Amino acid sequence: MSFRVRGRRVRKWFFGDSARAFGTLGVLLLALLAIVPAKDRFREWLGYQKEYEILIRGRTDGVALAKRFQSGVQQIWLPERDVTDRCMTCHTRLKETSLAGVGQPFRPHPPIPHSLTEFGCTICHRGQGVATTVEEAHRSTKAWEEPILPAQYSEAGCGQCHRDGLKGTPQLNAGRVLLARYGCVNCHRLVSPEGGASQGTDRPPSLKRIAEKTTREWIYFWIKDPQAWAATATMPNFGLSDADARDVSAFVISQSSPGSIAPAVATNDAGAAAGAELYGESFCASCHAMQNAAGKITGGDLAPDLTRVGSKVRPEWLAAWVKNPAAYLPGTMMPHFRFDEKQIGLLVSYLGRKQDSYFPANIRLEPATAAQIAHGQKLVLEKGCAACHEMNGVARPDNFAPDLTAVGSLPPARVLLAPGVPRTLPDYLAAKIREPHAFGREMKMPRNQFTDAQVEQLVTALLAQTSRSQTFPAALRRPTPVNVTYQPAGRAGQLMKDLRCLSCHSINGTGGSMAPDLTWEGSSVQRAWLLDFLKNPNTLRPVLIRRMPRFNLSNDDASTLADYIMTAYQTPAFDREEVDATKLTPTEASRGKSLFYGKYACNSCHIVDPDNDKGYIGPTLTQAGTRLNAPWIFHWLKNAQALRPGSLELNWNMNDEDAWAITAFLMQQKNTRKPGGER
Amino acid sequence: MNSLYSRLRGTAVWRSVFRSGTGDTNLHRSLTVQQNIFLHLASVKIRRRALEFGVTWYLGTLSMASFVILVVTGVLLMLYYHPSVPQAYADMKDLQFVVSAGVFLRNLHRWAAHAMVVLVFAHMFKVFYRGAYRPPREFNWVVGVMLLLLTLFLSYTGYLLPWDQLAFWAITVGSNIISAVPAMGAKIRFLMLGGHTVNANALLRFYVLHCVILPLIAAVFLAVHFWRIRKDGGLYTGDKPRE
Amino acid sequence: MPDQTPHVERACPGCNRRRFTTAGVGSLAIAGIGSAVFGYEFLSPNALYEPSPIVDAGKPERYPPGSVTPDAQSGLYVVHGPEGIYALSAVCTHLGCVTAWRPELDMVACPCHGSKFHIDGVKIEGPAPRPLPWLKAWLNDEGNLMIDRSEALTRKQYVRVQA
Amino acid sequence: MRLRFVAALIALLAIAGCHRPGAPAAIAAIAYGNAIVMVSGDHQAAPAGATLEQPLVVQVNDADGNGLAGARVEFRGSGGASFYPATGLTGSDGQLAVKVQLGSMAGRNSLLAMSRDKTGGRFDLNGAATALGYQQVLGRELAEQHCARCHDSRSTAERVSNHDNLGVTPHSLDDGLATNSLGTADLVAIIAHGGAAIGRSPEMPPYSPTLSVSEIDALAAWIRIVAVPAYGKP
Amino acid sequence: MVDCIRGTSPVSEPKDFRASFDSDSQRTPVRVAFVTRRTTPHVTKAGDDRVMTNPDALLRVAVAVMALLIVLVVVSLLFDAPLEGLANPLQTPNPAKAPWYFLGLQELLHYFPPVVAGVVIPSLVVLALVVIPYFNVNVEAEGFWNRNGERKSILVWVAVAALSAFLVWFSVYAVLVPTLVSGGALIVTAAAPPQDKGFGGWLRSKPLPFWIMTWFLVVAITLTVIGTCFRGAGWSWVWPWGEL
């Protein structure tokens, strides 16, 4: 029987007439409809729950685990937070710490400060909470473009609410610092939900008088590759060609206001050695770095690297700058040292010899033509130089670069991808930071030389900028501490501004973090000591390389400053004059001494007896009796954190007797010998 | 089994519902048609030629079948659907991920809707090419055109309900075409959407149109359509009118 | 009398046409019954949008000794009696009205039909058939008082807290 | 027509398939050493999923113990650790540095470097890295702030160590020999109430009012996870 | 009522009126014959051009419905209904497309101003559909080329040429091509011999409405397919299989 004939017979048997077709199709339909519930019976999550049941069956604590296990779709529903998370349907026991060694999806969640049922999963981890299949829940699909956040960026989840520098999120915090420090926020807007855009912290210099300061050749060399000049440079690399750099330098010089600088000071080699000494004595290295003979860069990173400063700046500008920096750059962080003409000459002699032989030998620029200047101006506008630098005739551009406020919610479908970059948001951001020009030569975003770790930090900080983070209720948000702009008043205030105290010290929440907080300094110290210190600062911590410089203050200035600090910076918690003499008896002091060396082992960190004590984490206390006030010591011992939050000093929670005894002991320390310094 | 069935048919309750038998005799067969509310729009007898597949391709029947499928699945889907923003979208996700057979019903509804549009169009063209619109069926042709429009409106209003990107932009594009109507286009669009953009009001309006108003109108037109088939001489078979 | 009406379907003489029809009708019937069974599953939601029956009532320190704290939203009272803290359902056992704590009367009163209860749930008067149930309460790992509204206690149990 | 289209499509796919760059050519060893040693990068800790700050540097030695250039080293990791590149040849100094990305779950990742000698025999080098969870990251930050000045003997310009100035020399915090013998309760007690609390040096001050309970737990969790040898399972 | 009488045939002789009933009322519905002078109750042919609705028609309908259901269930089991991201008014997908059955219109919008493509054309189409049965030309169903071939041929040439010129003017090639094809077919069939039994003859027997509807159908399908498959970002032409 041929195949065709048999086929016809079969067809006839099944579909021969409408009754047969009816019966056949009826059975077929029934079979197909049966697939529908069968499909439900084999849902993916059921498989995981079954797997979990098998897993706990083999364990000794299986009975207890089984009792706590809930089958079926599990859900955290938080309507007010727009959370519907069914992750626990497969991740069955997130709180079962005894299953710590088990792999996913049954691994318990590591301890975090938040309750899982209070926030759900997707607020931090992203992904699709409502999904009950692996693919849909974790990966990017057509309906959902927010895949699970990769583990290395998990701190971005915290950053959505926490803008206050959470201690457990170093990567996020570092990323935010980088965003502000490397000028990212000068072009890109990053608005916080409380309002107010992030401000840069790198303070790019004004270029309005740049011709006084440096040469066109140096500008040319610098803008081609700032990091080639100084590894610590925060200015990014714009990838300019030689001709472009030539033209930009031409324009930058051409827009500079006419110079008003005094003629050059005399320099000499002998002065250079003395200048080096003065450089050290003035603690310039607290802020400025320099390459030493061994080729190692030492010094602070608050201010520019001075290794080759002689090739960079004009000597007459340097002299004027050292004399009073604010005259050239009113917003500078550099204090006004009261150097005399001789000292200025020494410093200029020293720094002027810090030169790079390569530079003058190799960089030669012909005088600029008008066309070059015009092209340079065009480039300056294109690259947005004025977003960071003040310039004559170029306004600061608004909305120069894309707003990054909600960049963490950017759907991957909407980002432009360079070849070879995986289609995920973190990869896109990392690629963009690492090599912006890979997305097209014409891209105006410049490149910074970030390390892999820094790129990870930056991406983390950017991923925290979700659209969700903008809509969280205020009760959940931990905003950036409000940037108070405290400015001391009056003549002392002028003086403090001139000395740039707030570059290093902070007062009332404003200022730098390099030196101690001075908010309650008036309660802490005695005026005589303070006056002496201002005129001739010595260090309290002998091992520090960063120290308070000597500003060569006049007696008048110093006492104005001391008076102001003593009156304005007093804590309301106690009165520094209120001393109960009965508590400061010699017997108490000797008891205090034994407590100091015994029970509390203060000598681990502080030096009282410079010959025997060695701990030098805390300030030296050899002259505590002349420096500090007794009530301050007492309260400090009780709870130092309340007086200076973030201080290294522990909160001892000491009882009053012990605290007074140690206070008595310390008030006896009136050693006049200048400690340390020679280390 | 058989005796149980016949005893069941003998009960007073059964007989009160189904007055006639199921078809042992032609009388009973006729009575089932006549006495059934769903079948009584059809005649008791039908031209043999009208049953041939090539004549109608059963396109009208299949259009009606898709309509019934859509009503059944649609009513079930309504049980899990809130016509509000953005809950509507979340409901789609729920259907997909947690409702038993939810995604199947949604698929069935969606594909049946597409099928119905295709079938109704095909039905219209088939009727046209067969010349079945000729008198005395001219009014039924007009009813059919109305049903075609209703089908399109039903499908279009249903398109918005998932409240996803596809839905939102399809309706935005579609409703902008309407605003091209001279003089009152913008007003019509405003009335249709209940606002100037596709928003929560539009969703609710489309929901009510899709689930209540348009199906009711369609049901009325369908009834007329079927009734007119019978009144206009049964299904058009293309037979030459008898001399 | 035999049926002599000509049928269209004569192509299959003596065939078991009836069996096929029965098969079709039977399949449809099974499909119908199956759909009914499955309709039950479809109609039972697998995920509920309801507040959890387990309520986090916060730190037990919030409830000073001798206090009765009504939580109308959760429908319960947190009572700190001499023996410890317990949670009492505020839902009247009569017809489900939410009762009110009347400190001046020192009793729980139902506004609907006048049932009155002692603060330990025992009925004083009114149509309520049963005393107000005690709800399961415990302290969780973070030290918060948790109350399960879905679980009534059969015996009195207190959550003891250090004063 | 359709057939032709399908044929064209298949041909196109075939062409595309042929042009696709194949798997990277296997790196073949140029030289064969006898031993592999760790140069640097062992026992680092980083947040889960992150890239280790320092690369893992290994050196392949010849029979005389000198670095051998051109030896093939293959890396494998447990716990989700991955290496870039995963296979490479040693440089002129006999060393090979690879980036290590940790697994996405907190815990210890073992790092294995493998090379072969002339006869094809395998010799290995075992290393480890630690992936930190939130708690441990917090612990590390706290340790850096509060503990490292005394417990870390390394001095930097920013943070001068007080390690050598103390009466009793503090243990390094990753010193598993010292910390693993302590129960977690004791560990927490020392941090919270000072060394004196369990009869150790009073120079270890009590941190209980300064740090919260969860912060002390975080510190303990960090100390546990960075212990060398590892805490817990032998 | 004449229609109710089955199997009657005209006879020459008028007879008296007589009514007759089938004897077995259980077996068949009551059959009433109105016998006039011009008819006779004599049944010349078995009345088998009609069948019982139940079960013959019902069974066939059930089979058809089940077949549809099976197809839909299979499709539903295999392919999930599309669902994209949550509606976001700030993020316009490119291209933003209407449902497929409106894509023909959307394609027209690409060529004509919105008033024409979005309002005038659809209204005209609906109107044209409605009025079809009320025009004699539609009802008569006379082959287009049956009469006045010469004159009509000129008319067709002119109509197609005018329409094509209009379409070329607006560069609506998506409509022009189907227009030329159907217009060409119409002109070519004029040449088919009237007595041809094949395809040519069949086409030749078709009336004008057939041609117009076919033209409309082809245009509608072409536009819809183009709008659905061949339009990408910015409504630019793309190949559904990607760049070759």
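Every value quoted in this text rests on a predicted model; they were computed, and no experiment measured them.
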To the nearest 0.5 angstrom, please state how far the [atom1] atom of [X] sits from the [atom2] atom of [Y].
X: Phe139(B); Y: Tyr134(E); atom1: CZ; atom2: OH; answer: 7.0 Å
X: Arg60(E); Y: Phe53(B); atom1: CZ; atom2: CZ; answer: 10.5 Å
X: Glu84(E); Y: Leu166(B); atom1: CD; atom2: CG; answer: 4.5 Å
X: Phe216(E); Y: Phe128(B); atom1: CZ; atom2: CZ; answer: 10.5 Å
X: Tyr89(B); Y: Leu83(E); atom1: OH; atom2: CG; answer: 4.5 Å
X: Ile177(B); Y: Leu105(E); atom1: CD1; atom2: CG; answer: 5.5 Å

Next on the checklist: Please identify, among Ala112(B), Ala90(B), Ser155(B), the residue contributing the most non-hydrogen atom pairs under 4.5 Å to chain E.
Outcome noted: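 Answer, by heavy-atom pair count under 4.5 Å with chain E: Ser155(B).
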If you count heavy-atom pairs within less than 4.5 Å of chain E, which of Ile46(B), Asn176(B), Ile178(B) leads?
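With the most close heavy-atom pairs to chain E, the winner is Ile46(B).
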Report task. With a 4.5 angstrom heavy-atom cut-off, could you sort out which part of Phe210(E) is near chain B: side chain, backbone, both or neither? Result ->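 Both parts, backbone and side chain.
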Fill in: Contact class of Leu109(E) relative to chain B, heavy atoms under 4.5 angstrom
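Leu109(E) touches chain B through side-chain heavy atoms alone.
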Review point. Short question: side chain of Asn107(B), backbone of Ala81(E) - any donor-acceptor pair under 3.5 Å?
Key: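 It does hold such a pair.
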inquiry  = Tell me if a side-chain donor or acceptor on Trp111(B) pairs with a main-chain N or O of Phe79(E) at a distance below 3.5 Å.
reply    =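 Judged by distance alone, yes, a pair lies under 3.5 Å.
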Check: Any idea how Trp100(E) and His114(B) line up, ring-wise: parallel (<30°), tilted (30 to 60°), or perpendicular (>60°)?
Finding: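 Rings of Trp100(E) and His114(B): tilted, 30 to 60°.
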Which one wins on heavy-atom pair count under 4.5 Å against chain B: Pro89(E), Ala96(E), Pro207(E)?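 Top count of heavy-atom pairs under 4.5 Å with chain B: Pro89(E).
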Can you tell which part of [X] gets under 4.5 Å to a heavy atom of chain E, answering side chain, backbone, both or neither?
X: Phe104(B); answer: both
X: Tyr156(B); answer: both
X: Ser66(B); answer: both

I need the contact set between residues 217-232 of chain E and chain B: heavy-atom distance under 4.5 Å, sorted by residue number.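 Answer by number: Leu217(E).
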How about residues 64-76 of chain E versus chain B: which residues have heavy atoms under 4.5 Å apart?
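Residues in range: Ala64(E), Val65(E), Leu68(E), Leu69(E), Leu72(E), Val73(E), Val75(E), Ser76(E).
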**Prompt:** Just checking heavy atoms, which of residues 131-138 of chain B are less than 4.5 Å from chain E?
**Reply:**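 Residues in range: Tyr133(B), Arg134(B), Pro135(B), Glu138(B).
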Practice problem: Please examine the side chains of Lys45(B) and Val51(E), heavy atoms only from C-beta on, and report whether any two atoms are closer than 4.5 Å. | Solution: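 Side-chain contact under 4.5 Å: no.
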Q) Are any non-hydrogen side-chain atoms of Asn88(E) and Gln165(B) less than 4.5 angstrom apart? A)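 SC-SC contact between Asn88(E) and Gln165(B) confirmed.
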Tabulate below the donor-acceptor pairs under 3.5 Å that side-chain atoms of residues 113-124 of chain E make, not counting sequence neighbours, or state none.
{"residue": "Ser123(E)", "atom": "OG", "partner": "Val119(E)", "partner atom": "O", "Å": "2.5"}

